[in-house]
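Atoms within each ligand, like the ligands themselves, are counted from 1 in listed order.
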Amino acid sequence: MKAVTFQGLHQPLAFESLPDPEPAADQLVVKIGRCGICGSDLHMTEDPAYGCQHGDVLGHEFAGEVVSTGREVTNLKTGDLVSVMPLASCGACEACRKGEVAWCANFRLQGGGYAEYALTRPNQCVPLPSGLSLADGAIIEPLAVALHGVNLSGLKAGDSVLVLGAGPIGLAVAFWARRLGAAKVAMQDVAEFQRERATDMGADVFVVDPQDPVGSAERALGGKADIVFECAGIPGLIAQAVQQVRPRGTILLLGLCTKPDTFNSFAMLSKEVRLVTSAFFTRDEYVATLAALEAGAAEPRLLVTETISLADTPDVFETLKRRTGQCKVLIAP
Ligand SMILES: [Zn+2]
Ligand SMILES: [Zn+2]
């Protein structure tokens with residue numbers, strides 16, 4: 001099969017041929033229909049913290065068609081269309097039984113989506129209903145990441161929300177915050193290019209003011225936020241969020257930042273700010289995301305700005321490392 005592989009830190013990905021995968025007894029093979037390029041994939045090729053190895057196939061946001069199954073797989077058959085939860089786990093422990101698979105002792109993030117075929121396990125596959133496309137199946141993962149953050153934030157109807165960073169996760173947070181009853185959603189970024197998409201996704205206001213981010217967000221929101229979602233992963237933004245949240249409000253961290261960050265804990269403590277972190281999602285949240293799309297939520301499709309071939313992936317991937325006007329790019333192998 002054709003696949004795109006990791007070559008080394010700071011090097012372009014390579015388009016090459018790999019052996020076709022053969023499923024073990026408890027595995028199945030999915031023919032990839034669509035796979036999203038995630039911001040964390042970009043970080044993985046630049047930052048040793050992620051531990052990428054030569055030859056790894058990235059890509060954890062994918063959906064496709066089941067093309068072969070191991071002999072122990074009974075609940076899925078060839079031809080089924082599935083969205084793949086990229087959370088590989090033992091499937092038997094208490095965390096797995098509760099659907100909190102990211103907290104399984106054997107958890108790992110499964111990649112493999114930048115290829116024609118990928119191996120996975122049946123407990124990671126969620127059948128795609130007939131009304132949803134393979135592209136829909138590929139955007140469930142980032143939407144579920146955002147839903148998990150919104151759920152952990154304790155957002156209530158009527159809350160005012162500030163989202164820092166208008167990448168796919170920030171935009172998805174705006175979507176969920178709006179849908180779950182936030183009274184006002186402001187989104188803040190250092191660049192203009194997602195302004196229209198942000199309002200289409202559910203933001204009431206989009207603020208770009210690198211000179212005075214605190215004052216401008218406060219004016220846009222009519223006060224300090226009940227909840228600030230940090231969705232950029234840039235050092236300094238926690239300290240900024242402390243100034244932007246109301247006393248006893250919540251800062252929810254979704255942005256991946258592998259660099260040390262500093263903030264003044266006195267400034268945080270004197271407001272009794274709640275600082276909450278969020279990683280991955282539960283199975284229920286993945287299924288709820290799919291259900292929202294099936295129920296007709298159309299805004300998330302606006303995240304997708306381009307669909308590319310596998311052969312073009314290494315070049316496009318390089319351009320995405322510099323911040324571009326793109327939002328979610330999907331690969332159609
Ligand atoms: Zn991702
Ligand atoms: Zn487990």
Give the atom name of whichever N/O/S atom in E61 sits closest to the Zn ion (ligand 1).
-> OE2

Would you please say whether a donor-acceptor pair under 3.5 Å links the side chains of Q194 and D189?
-> no

Vertex the Zn ion (ligand 2), ends C93/SG and C96/SG: angle to nearest 10° comes to 110°

E218: which of Q244, K224, Q243 passes side chain to side chain donor-acceptor pair (under 3.5 Å) | K224

If you stand at the Zn ion (ligand 1) and look out to NE2 of H60 and SG of C38, what angle do those two lines make, to 10°?
-> 100°

Could you tell me the angle subtended at the Zn ion (ligand 2) by SG of C104 and SG of C90, rounded to 10°?
-> 110°

Determine whether the side chains of K328 and T305 contain a donor N or O and an acceptor N or O closer than 3.5 Å.
-> no

Option from T74, N75, V66, D26 for which side-chain contact (heavy atoms from CB on, under 4.5 Å) with P122 holds = N75

